[in-house]
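Lettering follows sequence order; numbering is per chain, from 1.
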Protein chains: 2
Amino acid sequence: MAKQERRSRPGDGPERIYAELRRSIIGQELSPGSRLPEAAVAARFGVSRTVVRAALARLASEGLVLWPNNRSAKVASPSLAESADVFGLRQVLEGAVMDRLADRIDPQGVARLRAHVAREGTAEATHPAEAIRLAGEFHVLLAELTGSPLLARYVSDVVSRSSLILAGTGRSHSSQCAVTEHLELIALLERGDGTGARQAMAAHLLHVVGRASLPPA
Amino acid sequence: MAKQERRSRPGDGPERIYAELRRSIIGQELSPGSRLPEAAVAARFGVSRTVVRAALARLASEGLVLWPNNRSAKVASPSLAESADVFGLRQVLEGAVMDRLADRIDPQGVARLRAHVAREGTAEATHPAEAIRLAGEFHVLLAELTGSPLLARYVSDVVSRSSLILAGTGRSHSSQCAVTEHLELIALLERGDGTGARQAMAAHLLHVVGRASLPPA
DNA sequence: GCCAACGATACTGTATACAGTTTTGTGGGA
DNA sequence: TCCCACAAAACTGTATACAGTATCGTTGGC
């Protein structure tokens with residue numbers, strides 16, 4: 001017999017707060033530098049500081065918030081150097097993703113990618129913040145399709161940081177360009193062109209940086 | 001005036017427990033699968049469960065312990081597939097490290113590397129567990145010299161996991177071979193041979209895997 | 001006016017209490 | 001013997017209390 005659904009199971013508290021804060025940060029509802037006092041966050045979500053601290057620890061480990069000792073956590077505001085570092089690593093990691101995917105991607109994976117890009121296209125005009133999030137998740141989906149959990153995790157990490165960086169610049173057409181470039185990446189993978197896919201990804205990432213008017217990595 | 005040294009400053013508790021547990025795990029004092037009940041760990045180190053939970057959270061985020069909901073944390077025991085994943089990512093990340101270092105390494109960096117390898121040589125015969133740790137830290141040091149904090153962090157991450165994996169196999173001569181190979185890597189970097197350094201690193205990592213009698217990545 | 005000392009306020013770090021969940025051990029029936 | 005039910009023990013999840021630390025405004029001296 002199926003267990004009765006509960007409104008929140010034990011252990012889900014931190015996860016929920018983490019997800020909500022993360023969404024707020026990437027969606028610019030919390031701008032870089034915003035302070036996140038534990039008590040305030042706890043009150044806002046109706047939980048205790050204990051739960052908030054667990055969520056903050058995770059956000060800090062992903063670089064989305066800074067959390068110095070004995071001081072309030074605050075939303076990270078990456079410097080130019082840090083931004084360059086993030087995108088430099090994306091070149092490394094996502095280059096490896098393309099190499100691996102060109103060999104092993106199957107029609108089902110291609111279909112998932114195309115479906116995702118379709119959602120990007122839908123959100124692109126109406127929900128700019130969500131468009132940024134979806135554009136990032138496309139890259140995470142690519143990484144997941146490699147079948148390497150670790151690679152997927154690191155890509156997810158740098159993509160989160162990228163979203164925070166890009167949210168700060170607030171270019172609204174970023175996503176439109178991303179859609180056509182994402183489709184191009186899929187096409188290259190589909191025909192097994194690993195070299196082309198790697199190069200296209202490198203160019204795509206440079207475009208993303210360029211549109212955000214950051215100096216190239 | 002300098003502040004009076006304290007035995008432990010607030011906020012240092014979790015960090016200390018984290019470091020001690022990590023050392024015990026990598027040093028095989030805690031073997032894979034060992035249970036880590038919060039209360040037991042807390043009693044052992046003379047702190048409260050609060051502190052232990054923070055340390056466990058960090059270890060779990062680095063993949064050294066598994067921490068399912070409502071269950072005791074336990075030391076991870078990586079499967080063959082997970083081990084292959086770890087070393088596959090090391091190829092990607094450390095290949096990038098060599099590329100970057102061949103351009104930018106300075107005599108001071110070379111000196112630090114050589115000094116480190118000297119310590120590896122000293123520990124190699126007498127303290128096998130410490131030799132494994134030092135061999136890992138050589139790779140972390142390489143990554144740090146690139147000047148990319150993020151790259152350094154990810155390398156540190158996969159090296160930790162590797163240490164856990166290698167500790168399980170318990171090959172005692174691993175470290176001796178590592179010393180000569182590490183010196184070879186330094187020599188290649190010193191003469192600016194990026195391609196050679198990248199290839200040598202790839203071979204080195206394959207050797208490490210081979211000595212541990214794991215299937216090649 | 002300017003700056004240092006100081007006190008109030010806000011906030012974090014850690015311990016602990018209690019409730020809820022999982023695990024373990026034990027006895028009874030087939 | 002095997003296996004299920006069930007109760008006891010072990011353990012985690014969360015809230016809360018209290019002590020310690022940073023932050024900020026104010027006051028007093030110059």
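Legend: salt bridge (charged side-chain N to carboxylate O under 4.0 Å, His left out) pairs involving residues 141-165 of chain B, not counting sequence neighbours, sorted by first then second residue: B:Asp157-B:Arg161. Among residues at least two apart or in separate chains, salt bridge (charged side-chain N to carboxylate O under 4.0 Å, His left out) pairs with a member in residues 126-135 of chain A are A:Glu130-A:Arg133, A:Arg133-A:Glu137. Applying the salt bridge (charged side-chain N to carboxylate O under 4.0 Å, His left out) rule to pairs touching residues 92-111 of chain B yields B:Arg90-B:Glu94, B:Asp99-B:Arg198, sequence neighbours excluded. For the salt bridge (charged side-chain N to carboxylate O under 4.0 Å, His left out) condition, the pairs that include at least one residue of residues 60-81 of chain B, sequence neighbours left out, are B:Arg58-B:Glu62.
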Check nucleotides 6-10 of chain D against the protein and report each pair of N or O atoms closer than 3.5 Å, with its distance, or say if there are none.
none

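DNA chain C is contacted by no residue of residues 54-66 of chain A, taking any non-hydrogen atom closer than 4.0 Å.
Here D:dC11 is the nucleotide among C:dT23, D:dC11, C:dT12 with the atom lying nearest to any side-chain atom of B:Pro37. Nearest to the side chain of B:Arg49, among C:dT14, D:dA15, D:dG13, sits D:dG13. Closest contact between the side chain of A:Glu38 and the listed nucleotides C:dC11, C:dG13, D:dT12 involves C:dG13. Taking every side-chain heavy atom of A:Ser48 into account, D:dA15 is the closest of C:dA15, C:dT12, D:dA15. The side chain of B:Asn70 lies closest to D:dT12, out of C:dG13, D:dA22, D:dT12.
As rounded to whole Å, 12 Å separates atom P of C:dT23 from atom CG of B:Asn69. Here the C1' atom of nucleotide D:dT14 and the CD atom of A:Glu15 are 16 Å apart, to the nearest Å. Nucleotide C:dT21 holds its C1' atom 13 Å from the CG atom of A:Asp12, rounded to whole Å. Separating the CZ atom of A:Arg16 from the C1' atom of D:dG13 is a distance of 14 Å, rounded to the nearest angstrom.
OP1 or OP2 of C:dT12 lies within a sub-4.0 Å distance of a side-chain N or O belonging to A:Ser72. The phosphate of D:dT16 (OP1 or OP2) has no side-chain N or O of A:Thr50 nearer than 4.0 angstrom. A close approach under 4.0 Å does not occur between any side-chain nitrogen or oxygen of A:Arg53 and OP1 or OP2 of C:dT12. The shortest distance between the side-chain N/O atoms of B:Arg71 and the OP1/OP2 oxygens of C:dT21 is not below 4.0 Å.
Counting only N and O atoms by type, the side chains of A:His204 and A:His182 include a donor and acceptor under 3.5 Å apart.
For A:Thr122, there are no side-chain contact (heavy atoms from CB on, under 4.5 Å) partners two or more places apart in sequence or in a different chain. For B:His127, the side-chain hydrogen bond (donor to acceptor under 3.5 Å, both in side chains) criterion is met by no residue, not counting sequence neighbours. Evaluation of the side-chain hydrogen bond (donor to acceptor under 3.5 Å, both in side chains) rule for A:Thr146 yields no partner, not counting sequence neighbours.
Of the options A:Leu59, A:Val65, A:Leu164, a side-chain contact (heavy atoms from CB on, under 4.5 Å) to A:Arg22 is made by A:Leu59 and by none of the others.
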